[in-house]
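Start at 1 and go down the list; that is how both ligands and their atoms are numbered.
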Amino acid sequence: MVFKLPELKFEYSDLEPHFDTETMELHHDAHHRAYVTKLNETLENYPALHSRSIEELLICLDEVPEEIHDKVRNFGGGHYNHSILWNIIGPDAALKPKGKFGKEFELQLGDVKKFKEHFSELASELFGSGYVWLCMNASRELVIKCFANQDCPLSHGLKPILTVDMWEHAYYLRYQNKKEEYLDAYWKVLDWSKVGKMWEHHCQHLKAAA
Ligand code: MN
């Protein structure tokens with residue numbers, strides 16, 4: 001086993017009534033676990049890749065042998081993308097960007113209410129399965145991007161700080177086709193303090209690399 005399913009920092013029931021217990025358990029323990037299992041199976045006969053972190057695999061996806069390239073993108077992305085999602089949602093979520101990140105957010109993206117409206121609109125219009133992301137590029141600009149399936153921003157030179165999962169498995173049990181209700185619920189469990197921490201983490205790495 002190279003990769004492991006990360007434990008959540010909260011209980012499956014802690015995000016009720018916004019994200020229901022059954023969906024959370026299925027999403028983490030069945031869907032995310034399946035990505036981890038399939039990723040490990042994919043890498044089994046490629047010991048040269050076993051020392052790479054999931055971030056390294058996805059950043060340098062072009063270095064992965066062609067015959068497993070798509071599987072690493074799909075299963076590796078599935079593992080990493082869900083890990084990001086679990087990291088930025090939680091009970092008692094901070095509902096606005098604050099501090100240094102808050103200032104940067106306002107400077108670049110303006111009012112958080114308008115940002116949420118725009119982001120939700122892109123998410124509800126996303127065709128098929130995928131995610132909407134807020135990322136930082138190499139020039140420290142905050143950019144909104146949509147990627148299909150489990151394609152990861154890391155493979156496109158972007159550092160993700162916020163995401164919403166628009167695969168049906170993320171919402172269908174509780175919200176069926178009512179994507180707007182799912183998105184309203186998402187903003188209630190999104191913890192902006194965690195988003196700010198991801199932003200600071202990427203800023204420090206950029207500084208170290210400069
Ligand atoms: Mn998902």
Side-chain angles (χ1 to χ4, degrees), residues 2-43 53-55 57-58 61 70-91 93 116 119-135 144-156 158-192 194-195 198:
V2 182
F3 294 106
K4 281 186 184 148
L5 181 70
E7 274 185 38
L8 295 188
K9 295 185 183 96
F10 48 86
E11 302 295 326
Y12 292 132
S13 58
D14 281 351
L15 305 183
E16 291 273 7
H18 313 299
F19 283 12
D20 63 290
T21 310
E22 198 182 357
T23 299
M24 278 305 299
E25 183 165 1
L26 273 170
H27 202 172
H28 176 257
D29 198 50
H31 289 278
H32 188 169
R33 186 185 296 283
Y35 288 120
V36 174
T37 304
K38 287 177 185 167
L39 177 63
N40 286 333
E41 283 169 8
T42 300
L43 297 175
S53 67
I54 187 63
E55 288 88 351
L57 277 174
L58 292 166
L61 191 59
D70 289 0
K71 286 186 175 181
V72 172
R73 184 191 58 208
N74 295 342
F75 306 143
H79 172 38
Y80 178 82
N81 298 343
H82 284 103
S83 301
I84 295 289
L85 178 65
W86 310 138
N87 187 43
I88 58 168
I89 61 174
K116 281 156 71 173
F119 199 89
S120 292
E121 202 180 312
L122 289 174
S124 61
E125 287 171 0
L126 191 74
F127 188 76
S129 297
Y131 297 73
V132 185
W133 299 87
L134 179 64
C135 303
I144 301 171
K145 292 275 176 188
C146 300
F147 288 113
N149 302 315
Q150 297 294 355
D151 198 7
C152 181
L154 290 177
S155 310
H156 301 270
L158 298 166
K159 306 292 184 193
I161 63 170
L162 183 163
T163 191
V164 64
D165 186 341
M166 294 309 293
W167 283 61
E168 283 189 347
H169 68 228
Y171 63 86
Y172 209 83
L173 215 58
R174 168 83 168 78
Y175 294 102
Q176 294 86 45
N177 59 338
K178 299 182 280 277
K179 286 186 194 176
E180 282 78 9
E181 287 183 26
Y182 162 63
L183 288 160
D184 285 345
Y186 168 76
W187 296 117
K188 288 174 183 141
V189 298
L190 175 72
D191 190 342
W192 283 97
K194 304 273 176 56
V195 177
M198 290 216 50

Taking the Mn ion (ligand 1) as the reference point, name the nearest N/O/S atom of D165.
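This turns out to be OD2.
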Just checking: H27, one of its N/O/S atoms, less than 2.8 Å away from the Mn ion (ligand 1), yes or no?
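Checking the Mn ion (ligand 1) against H27, an N, O or S atom does fall under 2.8 Å.
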May I ask you to check whether H32 brings an N, O or S atom to under 2.8 Å from the Mn ion (ligand 1)?
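Short answer: no, not a single N, O or S atom is under the cut-off.
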Ring geometry between H79 and F3 (parallel below 30°, tilted from 30 to 60°, perpendicular above 60°):
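Correct class here is tilted.
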Hey, what's the ring geometry for Y35 with H82, parallel, tilted or perpendicular (30° and 60° as the breaks)?
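Correct class here is parallel.
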Evaluate F19 against Y12 for ring pair (Phe, Tyr, Trp, His ring centres under 6.0 Å), listing each step before the verdict.
CA-CA 9 Å; F19 283 12; Y12 292 132; over 10 Å; no
Trace of the side chain to side chain donor-acceptor pair (under 3.5 Å) decision for Y131 with Q150
CA-CA 8 Å; Y131 297 73; Q150 297 294 355; 2.9 Å; yes
